[in-house]
Amino acid sequence: MILITGASGQIGVDLADYLVEKHGPDTVLVTDLRMPEKQRPNRIYDVLDVTYMESVEKIIQHRNVTEIYHLAGILSATGERHPELAWNVNVNGVRNVLEAARRFDCRVFWPSSIAVFGPTTPKVNTPQATVTEPGTMYGATKVTGELLCKFHATHHGLDVRSVRFPGIISHAAPPGGGTTDWAVDMFFQAVRHGHYTCFVTEETRLPMMYMPDAVKSVIDLMAADPDRITVRTSYNLTAFSFSAGELAAAIRKHIPDFTCDYAPDFRQDIADSWPQSIDDHCAQDDWDWQPDYNLDAMVTDMLHHVRIRIEKEEAEAAVNEKSESG
Ligand code: SER
């Protein structure tokens with residue numbers, strides 16, 4: 001059985017779809033803190049709080065889990081507001097999962113982040129091995145998680161694999177509490193209102209990736225020959241980099257009247273401490289990493305799906321309103 005933790009989150013929703021499609025619904029156990037409101041037919045759901053070791057072990061043992069995609073985590077902006085929560089979920093959660101995976105002989109995927117880097121890291125083409133002195137609690141939890149992964153891999157032979165995700169752009173599930181959320185919000189606001197007030201400056205440039213590539217990276221990394229895996233902390237990974245102004249311009253090619261203004265908040269400092277671009281040649285060399293989407297292809301596909309999603313939501317809202325008033 002494949003276990004996904006944090007499966008209602010931004011990556012979990014798309015990854016669960018992929019894994020269910022590939023392996024069949026009987027082999028994927030979809031878990032989160034709460035049962036999802038809208039459940040898909042033929043899916044196996046369960047509740048799992050990864051901060052409780054006993055719960056993690058129990059679910060692995062009872063469901064015969066052999067592979068874990070440990071996605072449960074608190075993102076950067078929420079982590080700055082609730083540092084203790086971030087530490088508990090991100091560090092104790094990954095520690096519990098790694099420990100249980102070792103005992104029950106499971107393979108593990110766990111996402112790290114560009115947030116492991118900080119103000120003292122080279123910002124352009126940030127190398128794989130470089131300074132990791134993050135300025136945020138979120139970054140501190142990710143560095144700690146990476147070191148725990150490496151410890152378990154080298155001391156216990158645990159097959160745990162990881163990537164440092166850049167900002168991820170998706171339409172199926174919204175990101176929650178991240179610093180890169182503007183790159184998703186901008187699409188939804190552009191389609192809904194033709195206007196967006198962005199919480200970082202126009203010049204803010206960050207490495208990013210479209211969700212289909214993020215899912216592909218997880219699948220490719222987990223399928224890679226173990227002898228080729230040379231990084232047991234977490235692989236640098238990127239698809240492209242853009243500034244908020246460049247994304248707005250790319251959206252404007254499709255929605256000419258779209259306007260964007262900029263009102264930076266506390267997330268600006270976090271964004272400013274992260275790299276602008278990433279050198280991911282280790283991922284390219286070790287497991288042939290190559291993204292499919294460039295900026296323009298991503299924008300075209302995102303807008304198509306965001307429009308469908310918003311139309312569907314509006315149609316559902318109209319039906320509900322009618323049934324309430326009728
Ligand atoms: N996208 C994440 C965030 O903004 C970074 O890992 O928190």
Side-chain angles (χ1 to χ4, degrees), residues 5-6 8-15 69-83 85-87 89-91 93-94 109-119 121 123 126 132-146 149 162-188 198-201 204-211 213-215 217-218 233-244 247 264-278 280 283 291 298 302:
T5 73
S8 302
Q10 189 194 13
I11 301 174
V13 166
D14 283 88
L15 189 64
Y69 294 80
H70 174 43
L71 308 178
I74 301 291
L75 287 184
S76 56
T78 307
E80 283 310 271
R81 297 220 144 127
H82 306 283
L85 176 72
W87 184 268
V89 176
N90 294 6
V91 176
V94 76
F109 172 82
W110 172 74
S112 183
S113 161
I114 52 165
V116 294
F117 304 120
T121 309
K123 273 197 178 318
T126 302
T132 46
E133 289 179 339
T136 59
M137 176 53 88
Y138 176 68
T141 68
K142 289 294 185 185
V143 174
T144 310
E146 286 195 6
C149 289
S162 176
V163 295
R164 293 171 177 153
F165 274 129
I168 295 178
I169 298 150
S170 67
H171 50 80
T179 299
T180 55
D181 292 9
W182 56 267
V184 177
D185 296 345
M186 196 182 286
F187 285 94
F188 281 86
C198 184
F199 60 78
V200 296
T201 61
T204 303
R205 174 181 298 277
L206 287 167
M208 299 277 180
M209 181 178 291
Y210 194 29
M211 182 60 90
D213 280 330
V215 170
S217 74
V218 177
T233 48
S234 193
Y235 279 94
N236 272 14
L237 203 67
T238 191
F240 38 71
S241 290
F242 54 75
S243 67
L247 181 61
D265 66 13
F266 74 101
R267 290 168 282 190
Q268 184 68 48
D269 286 345
I270 304 178
D272 287 343
S273 76
W274 288 354
Q276 296 183 348
S277 57
I278 296 287
D280 63 6
M298 177 276 286
M302 260 303 271

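Since the model is a prediction, treat every value here as computed from it, not as a measurement. Atoms within each ligand, like the ligands themselves, are counted from 1 in listed order.
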Undergrad: Can you find a pair of side-chain heavy atoms, one from Phe117 and one from Thr132, that are under 4.5 Å apart?
TA: yes
Undergrad: Which one of Gly73, Gly178, Ser112, Ser113 has a non-hydrogen atom at the shortest distance from atom 6 (O) of ligand 1?
TA: Ser113
Undergrad: Under 4.0 Å from ligand 1, counting heavy atoms only, is it the side chain of Ser76, its backbone, both or neither?
TA: both
Undergrad: Near Tyr138, which atoms of ligand 1 are under 4.0 Å from a heavy atom of that residue?
TA: 5 (C), 6 (O), 7 (O)
Undergrad: Determine whether a donor-acceptor pair (N or O, by modelled atom type, separation under 3.5 Å) exists between the side chain of Asp280 and the backbone of Thr238.
TA: yes
Undergrad: Give me the residue, atom name and distance of the protein heavy atom closest to atom 1 (N) of ligand 1.
TA: Thr180 OG1, 2.8 Å
Undergrad: Taking the side chain as every heavy atom from C-beta outward, state whether Tyr69 and Ile11 have any pair of such atoms under 4.5 Å apart.
TA: no
Undergrad: So do the side chains of Arg164 and Leu237 get within less than 4.5 Å of each other, counting heavy atoms only?
TA: no
Undergrad: Suppose I only count heavy atoms of Leu75 and a 4.0 Å limit; which atoms of ligand 1 are within that range?
TA: 7 (O)
Undergrad: Is any side-chain heavy atom of Val116 closer than 4.5 Å to a side-chain heavy atom of Ser234?
TA: no
Undergrad: Using distance alone, decide if ligand 1 has a nitrogen or oxygen within less than 3.5 Å of any nitrogen or oxygen in Trp274.
TA: no
Undergrad: Does either side chain, that of Gln276 or that of Ser241, offer a donor lying less than 3.5 Å from an acceptor on the other one?
TA: no
Undergrad: Would you say Thr179 and ligand 1 have an N/O pair spaced under 3.5 Å apart?
TA: yes
